[in-house]
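Structure first, then comments.
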Amino acid sequence: MATESKQTREEMPKAYNPAAVEGPTYRRWEESGAFTPPEPPPAGKLADGQTGKEPYTIVMPPPNLTGELHLGHALGDSIEDLLVRWRRMQGRPALWLPGVDHAAIAVHTLIERQLSEEGLSRRDIGREAFLERTWEFVRKNRARIAEQHKRLGDSADWSRELFTMDPGPALAVRTIFVRLFEKGLVYRGNRLINWCPGCQSALSDLEVDHVDEDSFLWHVKYPLIDMAGKDTGEFITIATTRPETIMADTAIAVHPGDGRYTHLRGAKARVPVINREIPIIEDEAIDPEFGSGALKVTPGHDQTDFEIGERHGLPIVNVMQPDGTLNEEAGPYAGVDRFEARKRIVADLKAQGLLEREEPYRHSIGVCDRCGSVVEPLMSEQWFVAMSKEYEKNGATRSISGDALKAVSEGWTGPSGKTTQIKMVPERHTKVYQNWLENIRDWCISRQLWWGHRIPVWYCEDEHMTVAVEDPTKCATCGSTEISQDEDTLDTWFSSALWPFSTLGWPEETQDLRYFYPTSVMETGYDIIFLWVTRMIMMGIFATDEAPFEWVYFHGTVRDDRGQRMSKSKGNGVDPEVLIDRYGSDALRFKLITAGGTGNDQRLEEPRIEAARNFANKLWNASRFVLSQLEPGETVPALDPSQQAMLPTEDRWILSRLERLTGEADRLMERFELGEAGREIEEFVWDELCDWYLEIAKVRQRSDDEVSPLPVLVHVLDACLRLLHPFMPYVTEEIWSGSGDLRGHLPDPGSELVMTAAYPAPADAWRDEAAEREIGLVLDIVRAVRNIRRERGIDAGTWIDAYVVADGAMAKHGPAIEQLARVRPLRIVANRAAAPSESVATAVLAGALVVLPLAGLFDFEAERAKLQKQRAEEQAQVERLETQLRNDKFTSGAPAQVVADVRERLEAARGRIDGLEARLAELQ
RNA sequence: GGGCGAUUAGCUCAGCUGGCAGAGCGCUUCCUUCACACGGAAGAGGUCACUGGUUCAAGUCCAGUAUCGCCCACCA
């Protein structure tokens, strides 16, 4: 037996302590330069781009600068870091691109909240002061956020922070805006947009949430009037959910085929309260089934009505001001808030006898996703991107949404000649993406907020427009120097959409851009597929004529332990730092990655994080044992598959199993089945390596005359640490190159850090079916003995006699079986007659019979009952398998391997039945 | 109104290209044996929501039903 007291053992505490390891390990990575991003090769080398080590670029979502780091980020960060580490270990120069910009939404909201606590609004303090406050916040919190991300294993520092929070010049953003403008794809127009009275800004369709609200459907009678404008005494009833907008009505519409209203064709009605005369018109959009079949048309406050209005040339009346109060068009209600006005007008209509009835009604209303205010459709002058408009480029007719659709559906061929078909994981999101693009409307990109990139448009006193990348000094039309920039800023998602290439220096033809773009993987949550992914693809193709990435990996949502979505308002958000303090970031990462199916939502289950921590500890202790067997400075010899035949069976077994695992892990990870890969690695380490191979190796370590298991042990542990490193970076690094220093015992480590060591590549050199079968039987024998012990109530610690009737090959496994099953003396005999048959408990296996003399503990009836039960089960199985094999369609149709497996199982079952029969005969 | 998920052990969930139903926690019994009690050993526990279909073979593929959840949508 090797000497016990070893340096490594003293350095490695008995339990893995993440808190003591993570900080120093992170610093070691930093100091080693391993985080330094790969340098693009010099210009001349780039033309082919395929040097056998194509770059691998991961796109990541921005750090949340509010400091409220949550588990969604933890999951995304974990996956991204895993992918980067894995690819770099494979020798591919992976780069992780950081993003920052759209955290602006969060910062902006936070500052506004602070202001409102002080009783101020954004407009009270002015743009300058507002921006100063946001900057102060960012400066103060940035370091803290960075620290939090480090603890998650987030390696954002790998990348150059080329993108900046500075909403100033932003070359890429302005360039795109100008180019879109030049193609007529960005335009300013007065249109019905979503207006948030809370934020006092325009919103895109995507920033409006729909929620159900219990309200009423008010049936209002509009007096009919004759040609002279006098009331006829008759009424037409309309149904509305928005009585406060009747002052903006410019028509009443009915369905052309609606017989109830044919007599009113060409008639007019009078709007209550303000007594405006409006026509009764016919339009196909009206549903005769709804309400009375007549609709009040309010083009200034409803999208459908706006479209009806356009068809019939109706005037547009706007009764509302940006803050949600009614304007002078509303007559008696001018200056009243919209909700108050609704109450008052309903009361007034009732008083005038014009309210036919009030019907309780549940319908959906739009609210601002940031502040929760009810959104108003309002006429407003805003900037838009034309999503479907056709334009010419390089002789081809294109459109923004059409190109984006093409990139996913059939593939997009860029100037490089390479065709990229963007693939999504899970695949189901592809259809959602396509469906959205097929029905897309123009994108409102201007915001009346002060955070973000200002629209690069200047106006002179004569309202001439100057659109430019660089700040102009005079009007492009009249030369006036009295120009001012548009007050509005761009939708933060407009900037974010441009981010992968603005990060890489676009529009300059930088080496970074040429080498790392298009990127490989965009990793993000499925909740922002429309906000971000679609826009990145659209803008990416427009800007560079290349699809921006090849894969989109969507992770799921992390819910709380009751399955509720985490949110600030519910107050159920969980700070990952608390969990990291408790279990370590490796444990949190491992749980997040392995807990669910690819892209599925998962719950935060603390017991599961604890289990992951326990796994880290298991790995730690197994390593501690292996290292304790090595002398300081002792290097084990390298393993060569050509020596396979010289190795003991169990060595060939574990190496064969390891190779199987390596192949599986590689296959799964290439397909982004990261969770399954992690689970399989864990299973191998815990079950096969720790529970079996290590125990067998101990037996060999204690006897001097055998081949040492140490080279194999070290080799397998090394491979496991490498395989596991992307999943559990800290603990693996600590064992490999830290206090464990496994590296120091390797014949050819090839790297200072496991982080930069080579990832195990799949191969078949060590595969050995015979060894797997042979050791499989050894394990079965040990399990059988343990099982009988438990059934007979024999303590696990008590040594008992045992016989194993088996092939002579089992003899060499005697010592292992003895130790693992705690049987001594163990006699391995060639035939049944050589073992006792009186007062013995038996276990019948396919290739062996286990016989345990029990003397006083023997229970005749229990033994017979057990054997009979097993015989019945085996017979049922034999019948099933025989039926299957009698079926010609099976034997001819199924793959040969499947048929062979069935035959083998049938033979094994028959063998066991023979053994059971023989044993039952003895018991007669 | 469309679309998409989910339905598997007591609970929370895996199960990839169809080929003897799995994990974690919990439960039962035993073990502090010199890597690990953040551990070890042996167990109990499933008509894979339901109904049809395809197939030699279905938890897995197809169609439909039910329940739950999510996304999208200009029916007032």
Side-chain angles (χ1 to χ4, degrees), chain A residues 1 4 9 12 14-16 192 210 217 238-242 253 285-287 289-291 294-298 302-307 361 363-364 377 426 428-429 431-432 435-436 439 441 526-527 529-530 557 561 563 565 583 587 591 594-603 605-608 610-629 664 667-668 671 673 675-677 679 682-683 690-691 694-695 698 783 786-791 793-797 819 822 877 880-881 884 887-895 897-899 901-902 905:
Chain A
M1 181 163 174
E4 53 262 26
R9 273 188 83 176
M12 292 177 76
K14 198 168 165 181
Y16 175 59
L192 205 57
H210 294 275
L217 196 55
I238 57 89
T240 182
T241 54
R242 304 212 52 200
I286 312 304
D287 176 7
E289 302 296 315
F290 189 90
L295 169 74
K296 77 183 194 66
V297 184
T298 320
D302 185 278
Q303 185 64 36
T304 311
D305 292 8
F306 180 82
E307 285 161 20
Y361 189 66
H363 68 137
S364 135
R428 61 174 180 268
H429 293 298
K431 219 183 341 178
V432 180
N435 191 31
W436 188 77
N439 299 300
R441 300 197 303 171
Y526 63 78
D527 50 334
I529 176 167
F530 303 133
T557 310
D561 49 12
R565 225 184 184 146
Y583 304 104
K591 190 273 170 189
T594 58
T598 306
N600 288 355
D601 289 355
Q602 62 175 284
R603 286 186 197 206
E605 287 177 279
E606 220 169 310
R608 196 116 185 211
E610 192 178 343
R613 190 269 320 262
N614 294 351
F615 174 51
N617 186 60
K618 186 76 181 175
L619 183 70
W620 179 261
N621 275 294
S623 306
R624 214 160 55 92
F625 169 75
V626 173
L627 292 161
S628 73
Q629 303 299 307
E664 270 301 287
R667 209 194 93 243
L668 290 166
R671 306 177 41 155
E673 307 259 358
E676 189 60 19
R679 286 188 291 267
E682 177 188 16
E683 196 184 325
C690 293
D691 289 347
L694 218 53
E695 296 302 326
K698 278 181 193 172
R783 285 195 197 101
R786 288 168 172 175
N787 182 301
I788 293 171
R789 277 174 175 282
R790 140 91 193 192
E791 280 175 0
I794 302 165
D795 278 0
Q819 191 62 36
R822 280 184 96 75
Q877 188 183 349
R880 221 179 54 234
L881 297 174
Q884 204 172 357
N887 185 339
D888 289 344
K889 286 179 181 168
F890 172 69
T891 47
S892 60
Q897 187 56 50
V898 173
V899 178
D901 284 350
V902 169
R905 269 189 286 149

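The sequence lines fix the lettering, A, B, ..., with proteins before strands; numbering per chain opens at 1. Computed over heavy atoms, backbone and side chain alike; hydrogens, waters and symmetry mates excluded.
With a 3.5 Å ceiling on both atom-pair distances, the Watson-Crick or G-U wobble partner of B:rU67 is B:rA6. Across all strands shown, B:rC11 forms a Watson-Crick or G-U wobble pair, both distances under 3.5 Å, with B:rG24. Both distances falling under 3.5 Å, in either a Watson-Crick or a G-U wobble arrangement, place B:rA41 opposite B:rU29. Under the Watson-Crick and G-U wobble criteria, each requiring two contacts below 3.5 Å, nucleotide B:rG46 is left unpaired.
Taking the charged nitrogens against the carboxylate oxygens, A:Arg679 and A:Glu682 have no contact shorter than 4.0 Å, which rules out a salt bridge.
Using a 4.0 Å heavy-atom cutoff across all strands shown, A:Gln884 reaches at least one base atom of the nucleic acid. Residue contacts shown for A:Ala595 are limited to sugar-phosphate atoms, with no base heavy atom under 4.0 Å away. Counting any heavy atom pair closer than 4.0 Å across all strands shown, A:Ala622 reaches a base atom. Residue contacts shown for A:Leu217 are absent, as no nucleic acid heavy atom lies under 4.0 Å away. Counting non-hydrogen atoms under 4.0 angstrom, A:Glu606 reaches nothing in the nucleic acid. Looking at heavy-atom distances under 4.0 Å, A:Arg789 makes no contact with the nucleic acid at all. At a threshold of 4.0 angstrom between heavy atoms, the contacts of A:Lys698 include nucleobase atoms, whether or not backbone atoms are also involved. Using a 4.0 Å heavy-atom cutoff across all strands shown, A:Arg613 reaches at least one base atom of the nucleic acid. Among the protein residues, A:Pro377 comes within range of no part of the nucleic acid, since none of its heavy atoms lies under 4.0 Å from any strand. Among the protein residues, A:Gly597 comes within range of the sugar-phosphate backbone only, with heavy atoms under 4.0 Å from sugar or phosphate atoms but none that close to a base. At the heavy-atom level, A:Val432 lies nowhere under 4.0 Å from the strands shown. The residue A:Asp302 sits apart from the nucleic acid: no heavy atom pair falls under 4.0 Å. Within the nucleic acid shown, A:Phe530 comes within 4.0 Å of sugar-phosphate atoms alone, with no base atom in reach, counting heavy atoms only. Across all strands, A:Ile529 comes closer than 4.0 Å to no nucleic acid atom at all (heavy-atom distances).
Using a 4.0 Å cut-off, some side-chain N or O of A:Lys618 falls inside it from OP1 or OP2 of B:rG40. In terms of phosphate contacts, A:Tyr526 brings no side-chain nitrogen or oxygen within less than 4.0 Å of OP1 or OP2 of B:rC70. Taking only side-chain nitrogens and oxygens, A:Arg603 never comes nearer than 4.0 Å to OP1 or OP2 of B:rA6. Side-chain N/O atoms of A:Asn614 include one lying less than 4.0 angstrom from OP1 or OP2 on B:rG39. For the OP1/OP2 pair of B:rC72 and a distance below 4.0 Å, the side-chain nitrogens and oxygens of A:Asn435 include no atom meeting the criterion.
One N or O on the side chain of A:Asn617 and one on the backbone of A:Tyr16 form a donor-acceptor pair closer than 3.5 Å.
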Working note: A:Gln884 + A:Val898, criterion side chain to side chain contact (heavy atoms under 4.5 Å, CB included); need CA distance, chi angles, decisive distance, verdict.
CA-CA 11 Å; A:Gln884 204 172 357; A:Val898 173; 5.8 Å; no
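Side-chain atoms of A:Arg790 lie closest to B:rU28 of the nucleotides B:rA35, B:rU17, B:rU28. Checking B:rG24, B:rG19, B:rA14 against the side-chain heavy atoms of A:Asn600 singles out B:rA14 as nearest. Comparing atom distances between the A:Glu695 side chain and each of B:rA35, B:rC30, B:rA76 picks out B:rA35 as nearest. Here the side chain of A:Lys431 is nearest to one of B:rA42, B:rG3, B:rG24, namely B:rG3. Closest to the A:Val898 side chain, of the nucleotides B:rC25, B:rG19, B:rA76, is B:rG19. Of the candidate nucleotides B:rA76, B:rC16, B:rU12, B:rA76 has the atom lying nearest to any side-chain atom of A:Ile286. Counting only heavy atoms from C-beta on, A:Phe890 has its side chain closest to B:rC56 among B:rA76, B:rC56, B:rA35.
The separation between A:Glu791 atom CD and B:rA41 atom P is 18 Å, rounded to whole Å. In this structure, A:Asn621 atom CG and B:rG40 atom P are separated by 10 Å, rounded to whole Å. Spacing between atom CZ of A:Arg822 and atom C1' of B:rG40 amounts to 12 Å, rounded to whole angstrom units.
Looking only at atom types and distance, the side chain of A:Asp901 has a donor-acceptor partner in the side chain of A:Gln897 under 3.5 Å away. When only modelled atom types and interatomic distance are considered, A:Asn621 and A:Arg624 share a side-chain donor-acceptor pair under 3.5 Å.
Residue A:Arg242 holds its CZ atom at 8.0 Å from NZ of A:Lys296, rounded to the nearest 0.5 Å.
Both A:Asn787 and A:Arg428 sit near RNA chain B, but only A:Arg428 has its closest nucleotide nearer the 5' end. Toward the 5' end of RNA chain B, the nearer of the two residues A:Ala611 and A:Phe625, judged by each one's closest nucleotide, is A:Ala611.
Comparing the P positions of B:rG43 and B:rC50 gives an interatomic distance of 29 Å, to the nearest angstrom.
For the pair A:Lys698 and A:Phe625, the cation-pi criterion (under 6.0 Å, within 45° of the ring axis) is fulfilled.
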